[in-house]
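Structure first, then comments.
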Amino acid sequence: MKLSPKAVPYRAFKRASSVVFMAAVAVSSGATADLMAPLAILGLATAAVVAVIGYEVAYYQRFEYEFTGDTLDITSGVFSRRERELPYHRIQNVDVTRNIVPRLLGIASVGIETAGGRETEGSIQYVSASEADRLQREIDRRKRGADTTATTEAESAAEEELFALSSSELGLAGVLSFDPRVAGILTLVGPGSIPVLGGLGADLSLSTVAVALVGGATLVLAAWLLGAVVTVINYYGFRLVRTGDEFRYERGLIRRYSGSIPRSKVQSITVEDNPLKRLFGYATLTVETAGYGPGGAGGRGSQVAVPIAGAERVRALARDVEPFGEPTFDRPPGRVRRRYVIRYLLALGAITAVVGAALSWASIQAPWYALGLLAPLVLPAAHLKWRHRGVWAGPDHVVTRNGVWRRSIKVVPYYRVQTVVDSRSIFQRRYGLATVTVDTAGSVSVLGREAAAVDVAIDNGVSLRETLGTRLNDALQERRQTAARGS
Amino acid sequence: MNRLHPRIQVVWGVRAVVFAIIIGVVGAVATRFTSLPPWVVGGVAVTILVLGLGFAIARYRRWSYEIRDDALYLERGVLTEIRMVVPFVRIQHVDSRRNPVERLTGLASTVVYTAGSRGADVRIPGLTDGEARELRERLKQLSIATGGGDDDAV
């Protein structure tokens with residue numbers, strides 16, 4: 001099968017626009033001393049555009065994909081040819097993206113992810129929107145082993161809507177997506193920088209303080225609005241459906257994404273909230289696979305399954321994906337609060353010292369030591385940090401909970417555990433603590449977003465490590481037996 | 001628990017010496033252009049050297065690994081102690097390799113790969129060439145015996 005013929009003009013347009021842009025920059029820049037230069041550049045640009053169109057026509061003619069017995073074969077390339085076979089059962093997820101122009105043209109780009117590689121393994125740009133939909137369904141069906149070309153009508157009839165985001169929920173998602181830490185940073189940085197810009201006055205008059213406060217508030221408000229707008233654009237018209245063993249979602253206002261997540265490929269699920277969401281009883285659900293997420297999902301192979309919904313609803317949906325039951329979290333020992341108090345005091349001391357040094361360097365007389373008044377806040381902060389940590393080893397899943405500003409509850413089925421790491425830093429050892437990290441397959445996570453039981457007592461850490469190891473083997477054995485019975 | 005070959009201390013020690021020399025040379029150049037007193041540079045370089053050598057020894061003492069019933073288990077780390085469990089079922093492939101320094105000292109490493117995101121490659125250094133090959137073979141066999149690398153992996 002071939003790409004949509006409309007792919008040629010759009011691909012050429014995308015590629016040529018950068019050429020034209022560069023030419024325009026060259027013409028408008030000072031590099032046009034004599035009159036011939038702009039003409040030469042125009043000529044070159046025209047030649048480049050013609051070459052681009054020629055290339056794209058050739059690309060279209062030489063691009064082919066085909067469903068075979070076990071694999072999806074993609075043959076592509078103009079100068080260097082590539083023949084790629086993607087085994088159906090190795091495919092993690094299939095994503096369809098429609099940007100604004102492709103939507104007008106009625107075409108879509110299809111991305112097929114396997115667990116290997118660092119980028120999208122099968123990229124089909126572009127096919128007609130209906131063909132994209134058919135591809136997604138066809139791959140899903142082949143993956144399940146049915147290689148008959150049954151009618152798609154019967155398939156879509158079995159579609160069950162799990163969740164649809166109403167416009168009020170979308171608005172809420174935007175408003176509540178705000179991270180309070182951003183406000184904190186902005187209020188710290190904002191007033192600090194504005195008087196310096198203002199006039200470098202040696203004394204802080206009342207008016208500069210007012211300006212600083214108003215400026216800080218404006219910054220916070222702007223950040224909030226921006227975040228809300230981004231969220232609304234990303235999750236506009238969000239819908240989650242289930243067909244058989246597969247979840248499928250659609251979202252986006254300008255760029256429209258639709259992705260499929262096979263249940264059998266789910267590595268872990270995460271329920272996230274922040275203080276605002278907790279206050280109003282809302283939460284976010286994320287599902288991780290070993291593939292790569294489409295743009296905007298952070299490229300961590302995770303996909304937001306539900307951007308916002310009532311906390312109860314989110315938990316019910318999460319249990320629908322992974323039936324993990326009702327976790328009863330074990331908190332770390334109470335002594336970790338002392339550790340957090342010391343850590344926060346040190347951080348506060350460092351910030352105070354830096355601010356003080358910066359102000360005296362700029363010769364601004366300001367009561368920087370007033371930051372020390374924040375010291376008592378360290379106590380509730382440490383308590384909250386401790387309160388929101390927890391771990392639970394359930395019958396089939398391990399569940400961890402961490403974070404106050406961005407609390408995430410991670411659920412990992414035992415049979416998905418890859419490695420278990422028990423680490424004890426020099427500071428943790430003083431308190432007899434350890435951190436047990438449960439690694440699952442997935443893209444590289446720089447931010448350390450794995451499921452981790454942080455600061456558990458060493459004995460508990462050791463038993464958790466051992467439990468995870470044995471449960472993994474038990475769970476795998478059980479799965480094999482069921483699979484053997486099933487076939 | 002298996003220990004590493006003691007000669008690995010030499011490899012790590014040499015690395016510490018090289019690092020201290022680099023710091024010393026950079027510092028020596030800096031004294032020419034700034035008012036940095038030479039004894040500070042010397043002190044820093046010597047401190048780094050002593051710490052680095054101490055670390056090389058401590059690292060060797062803390063490193064150990066073991067092949068358990070169903071997993072590879074290893075302990076390492078000086079400041080942060082790390083204990084890692086790599087189930088055989090999760091092993092994707094195993095390498096044994098030797099870099100130039102290792103070849104010079106007659107040592108080798110075995111690297112175990114999983115599909116995980118964090119401990120995706122686990123390296124056991126300080127093995128003799130024979131040991132590294134043997135460990136690779138053994139892990140490969142164990143991985144196959146437990147059905148590693150099949151569809152359950154991802």
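Letters A, B, ... are given to chains in the order of the sequence lines, protein chains preceding strands, and every chain is numbered from 1. Remember, it's a predicted structure, so these values are computed and weren't measured experimentally.
Here the closest non-hydrogen pair linking B:Val78 and A:Arg429 is O-NH2, 3.2 Å. Closest approach of A:Thr419 and B:Pro87 over heavy atoms only: CA-CD, 4.3 Å.
Note on A:Arg424, A:Glu466, A:Arg465, A:Gln477: by heavy-atom pairs under 4.5 Å with chain B, the leading option is A:Arg424.
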| request: Mind running side-chain contact (heavy atoms from CB on, under 4.5 Å) on A:Gln418 and B:Val86 for me, showing each step along the way? | output: CA-CA 7 Å; A:Gln418 288 283 339; B:Val86 186; over 6 Å; no
**Message:** What verdict does the side-chain contact (heavy atoms from CB on, under 4.5 Å) test give for A:Asn473 and B:Val89, after you've listed the backbone C-alpha separation in whole Å, the side-chain angles of each residue and the deciding distance to 0.1 Å?
**Reply:** CA-CA 8 Å; A:Asn473 282 298; B:Val89 225; 3.6 Å; yes
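Atom CD of B:Glu137 sits in a crowded spot, with more than 12 heavy atoms from other residues, nucleotides or ligands closer than 6.0 Å. Within a 6.0 Å sphere centred on CG of B:Asp95, heavy atoms belonging to other residues, nucleotides or ligands number more than 12. With a 6.0 Å radius and a threshold of 12 heavy atoms from other residues, nucleotides or ligands, A:Arg335 has its CZ atom above the threshold.
Between the OG1 atom in A:Thr440 and the CZ atom in B:Arg90 there is a gap of 9.5 Å [rounded to 0.5 Å]. To the nearest 0.5 angstrom, A:Thr470 atom OG1 is 8.0 Å from B:Asp70 atom CG. Within the model, atoms OG of A:Ser425 and CD1 of B:Ile82 stand 10.0 Å from one another, a figure rounded to the nearest 0.5 Å.
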Mind listing the side-chain donor-acceptor pairs of residues 51-69 of chain B below 3.5 Å, one per line with the distance, residues two or more places apart or on another chain?
| residue | atom | partner | partner atom | Å |
| --- | --- | --- | --- | --- |
| B:Arg62 | NH1 | B:Glu81 | OE2 | 3.3 |
| B:Glu66 | OE1 | B:Arg68 | NE | 3.0 |

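Tested against B:Arg83, the residues A:Val436, A:Val421, A:Asp422 include a single side-chain contact (heavy atoms from CB on, under 4.5 Å) partner, A:Asp422.
Contact of A:Val417 with chain B is made through the backbone alone, with heavy-atom distances under 4.5 Å.
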